[in-house]
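Per chain, numbering begins at 1; letters A, B, ... match sequence-line order. Side chains are part of it too, since the values below use all heavy atoms of this structure and drop only hydrogens, waters and symmetry mates.
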Amino acid sequence: MPEPKTDLNERYNPAEVEPKWQATWRERNCFRAEADPSRPKYYVLEMFPYPSGRIHMGHVRNYTLGDVVARYKRARGFNVLHPMGWDAFGLPAENAARDKKVHPHEWTWANIRNMKAELQSMGLSLDWDREFATCDPSYYRHQQKLFLQMMKAGLAYRRESWVNWDPVDHTVLANEQVIDGRGWRSGAVVEKRQLTQWFFRITEWSEQLLAALDGLERWPDRVKAMQTQWIGRSEGLRLTFDLAGDTTAAPDGITVYTTRPDTLFGASFLAISAEHPLAHALAKNNPEIAAFIEECRQSGTSEEELERAEKRGVLTGLTVRHPFIDGHTLPVWVANFVLMEYGTGAIFGCPAHDQRDFDFAKKYGLPILPVVAPAGVDPASVTVGPEATVGDGVLINSGFLDGMSVAEAKRAVIDRVEAAGTGEATINFRLRDWGLSRQRYWGCPIPVIHCTACGIVPVPEQDLPVKLPMDVTFEKPGNALDHHPTWKDVACPECGKPARRETDTMDTFVDSSWYFARFASSDADDTPVRPAEFDYWLPVDQYIGGIEHAILHLLYSRFFTRAMKACGHGDLDEPFDGLFTQGMVTHRTYRGADRRWLYPVEVVRGEDGTLRHAETGEPVTEGPLEKMSKSRNNTVDPGAIIGTYGADTARWFMLSDSPPERDLEWSDEGVKGAWRFMQRLWRLIRATVAEPGHAGAARSEAGTTLLQTLHRTVQDFTQDLDRFHFNKAVARLYELTNAIDRFEPADEADRAVRAEAVSVLVRLIAPMTPHLAEEAWAMLGGAGLVVDQPWPEADPALVVQDTVSIAVQVTGKKRAVLTLPRDADPKDVEAAALAEPNVLRAIDGKPVRKVVVVPNRIVNVVV
RNA sequence: GCGGGCGUGGCGGAAUUGGUAGACGCGCCAGAUUUAGGUUCUGGUGGCGAAAGCUUUGGGGGUUCGAGUCCCUCCGCCCGCACCA
């Protein structure tokens with residue numbers, strides 16, 4: 001027998017093993033994907049990174065999850081597409097240019113080179129041949145082409161509107177990019193400005209974008225709920241009130257939107273937004289209104305301020321006629337709580353049944369007339385309470401509506417208004433068109449030319465791409481394209497006279513709205529996407545990324561996919577068939593004596609258990625778990641972890657313990673645990689290689705048990721991978737490893753069983769720790785590479801156990817556990833249960849009223 | 001306020017349609033190996049109890065032979081949206 005002791009103590013060395021297998025995979029083009037209609041495809045995609053310079057733990061988690069799926073599906077026989085690229089436009093490059101005097105182009109490409117090397121050290125099964133960066137003209141020229149096609153189709157257009165202006169980043173932001181009144185990137189309080197901007201007509205598909213959410217069965221409910229809310233569909237009535245008396249101020253009347261037409265008889269005023277055109281017109285001759293409008297503009301829009309803000313308004317002096325009550329008029333107010341962006345920017349107020357109208361009426365002494373008697377309240381004795389009542393009930397004080405339910409009354413009012421021709425039933429959406437103009441240099445140029453004679457002229461296709469000029473400076477704030485001395489000067493393509501290029505660039509979310517489609521044919525020169533490859537690879541079967549894109553990127557991509565279809569690119573509505581949103585990677589935070597944030601590596605735990613600074617020895621206070629971020633200094637560098645422990649350890653730790661959709665706490669102990677397991681597997685594999693055994697002879701009972709454990713593990717592990725239960729899958733491999741370790745082979749046949757178990761274990765673990773698996777596969781003498789091995793199949797005959805343990809309860813309390821043959825006769829099970837001394841003691845001579853026998857599970861004796 | 005989700009040991013977390021609560025890992029305790037640290041191995045580890053046993057899934061109630069799981073109710077936490085008419 002060989003003496004393996006010294007060999008066994010030899011450590012697994014990832015620094016040597018991992019680059020070796022990465023090189024082998026690369027040399028053999030293992031992960032190159034080719035469209036092949038004869039094979040089932042599987043498209044795995046993780047949200048592509050912004051090239052900030054370094055990868056962070058969030059990337060490691062994201063790409064580990066995706067890589068497990070990609071490698072697993074590959075072993076299951078799918079033709080897998082698993083590409084990677086770079087979301088490379090964006091403001092940080094311009095900030096770097098300003099601060100470090102390096103051109104955004106240089107900065108970005110240097111970052112890409114660095115991050116690519118880091119990603120490659122993770123051993124991801126990526127098809128790098130399809131790589132592209134969105135800042136490359138070979139990508140954005142196609143985006144410009146798509147833009148022009150969308151313009152032609154009426155899906156991209158230019159108009160003047162109120163926009164969100166970020167005073168720090170000096171650019172406009174889309175509604176989706178304003179979070180609680182602040183810019184999503186800069187955090188600056190957003191201002192309102194009136195500018196002429198380019199928009200995508202996302203509202204074209206409001207209804208479809210909402211309805212199709214139902215069909216996205218493999219999307220998290222949370223994300224669908226957020227998009228539903230964002231799209232914000234409501235059904236109501238658009239109704240025009242005519243002015244009473246002099247109608248010159250608004251000859252066409254004032255149109256309001258309401259979802260409660262049933263409460264029309266309870267209306268006591270009309271209110272228009274301070275941004276309403278009528279309010280602006282009236283302000284010209286009414287200083288009070290002008291002052292109020294100015295005041296409204298300056299008041300904040302943050303949640304907190306709105307909470308405190310009082311409902312306020314000024315009278316316009318106008319009155320309108322009630323459509324159903326002859327001779328009844330309502331005053332018209334300008335009010336601070338009416339939004340111009342929603343509905344028509346005007347409402348009728350029914351104080352009894354809307355809390356805001358109620359507050360407003362209280363303040364200004366307006367009538368509050370209840371018109372809905374809540375269920376269970378006598379219609380004859382309805383009183384005005386301290387709050388508005390908003391529920392269902394029976395209509396009162398409402399003429400022809402009296403006695404109807406809310407739903408019936410809504411219908412009746414709509415019918416009558418439509419018959420009179422003063423309004424119509426309307427479906428209203430909260431969703432606004434997507435403003436895509438950005439006053440920044442480092443983005444995709446919008447390919448149009450402004451000509452004083454011809455207007456807006458698209459850049460002719462043969463002139464694409466409109467490239468960014470390289471000779472730009474960033475000393476002045478604002479748009480470097482605008483500051484460029486000559487770039488914008490161009491001859492009009494139509495009349496040839498001097499004209500001016502559009503200097504706005506596209507929102508970087510445009511770049512990421514179709515990159516997944518480009519991956520299907522990233523080398524296509526003449527077209528954004530080649531139809532055959534688009535049809536074969538799309539949709540993405542499994543998309544993986546952070547929840548922070550629940551609305552932004554995921555909604556824009558759904559719009560873009562429809563827009564591409566409308567422009568003749570593919571026949572697809574929904575880009576992502578399955579979506580998985582991972583949790584964040586968190587870490588403890590630490591602060592030094594002067595409250596400054598400390599890096600985890602600066603902190604040590606002393607012998608007395610207290611935390612101290614590693615160098616200065618000053619006391620350190622431990623803060624809460626927070627998302628890893630530079631502002632908290634609680635980041636851990638993936639490069640350092642991979643350098644010390646190897647990529648497989650980092651990957652294994654990412655998959656262990658925490659379910660992938662939840663936050664994961666990064667801890668040193670956890671990483672060490674993962675590292676120990678890598679070493680343990682390594683020893684097990686070496687021991688097996690040293691004593692492979694011979695199959696054929698009759699195996700021991702313990703050997704059979706091990707085989708059964710093995711096949712059950714294959715079955716359960718596979719199921720866990722299918723369900724994204726990676727933490728449970730990891731636990732099953734621990735259990736299998738424990739079982740193999742505990743197993744003491746009695747003879748050559750047993751050793752062969754162990755060798756078989758280890759061989760299967762290596763194939764199961766390969767998607768998670770691919771380098772170790774590859775090295776082990778080679779040592780075990782497996783043919784070819786482990787990445788090319790088919791997925792192990794569980795033998796149904798070996799999955800079932802011969803014996804089962806059955807708990808025996810007496811009136812619900814466990815008193816004994818029986819070990820019996822599987823599927824034993826219930827009568828025999830009952831008899832065995834009633835023969836247990838512990839059971840008899842618990843029965844204590846009382847009459848047995850009933851015995852419940854659940855086959856192979858439990859017996860409950862009721863006394 | 002509206003919408004989504006959650007509450008299980010010291011910690012992360014397991015528990016098919018209701019059927020042995022606490023798998024697996026981390027941490028901790030004890031022992032062995034090692035010159036020592038580290039590594040590795042063995043055993044233990046929800047709580048109370050010497051033990052038999054009792055008790056335990058945020059609190060309370062219910063349905064059931066049987067509830068972490070279903071129903072009612074209360075409490076607490078997280079996430080998203082929000083003057084959306």
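Between A/Arg841 and B/G53 there is a side-chain polar atom (N or O) within less than 4.0 angstrom of OP1 or OP2. For the OP1/OP2 pair of B/G19 and a distance below 4.0 Å, the side-chain nitrogens and oxygens of A/Asn856 include no atom meeting the criterion. Put simply, A/Arg356 has no side-chain N or O that comes within less than 4.0 Å of OP1 or OP2 on B/G1. Checking the phosphate oxygens (OP1, OP2) of B/G27, a side-chain nitrogen or oxygen of A/Arg676 falls inside 4.0 Å. One finds a side-chain N or O of A/Arg683 lying less than 4.0 angstrom from the OP1 or OP2 phosphate oxygen of B/C41.
A centroid separation of 6.0 Å or more is found between the aromatic rings of A/Phe348 and A/Phe269. Taking the six-membered ring where the residue is Trp, the centroids of A/Phe265 and A/His322 are separated by under 6.0 Å.
Side-chain to base pairing of A/Lys672 with B/C26: no donor and acceptor N or O lie closer than 3.5 Å to each other. One N or O donor and one acceptor, one from the side chain of A/Gln229 and one from the base of B/G80, sit under 3.5 Å apart.
Glycosidic conformation, B/G31: anti, with the torsion outside 90° of 0.
The interatomic distance linking A/Asn860 (CG) with B/G18 (C1') rounds to 13 Å, in whole Å. Protein atom CZ of A/Arg430 is 10 Å distant from nucleotide atom P of B/C84, rounded to whole Å.
Here the side chain of A/Trp230 is nearest to one of B/G25, B/A82, B/U20, namely B/A82.
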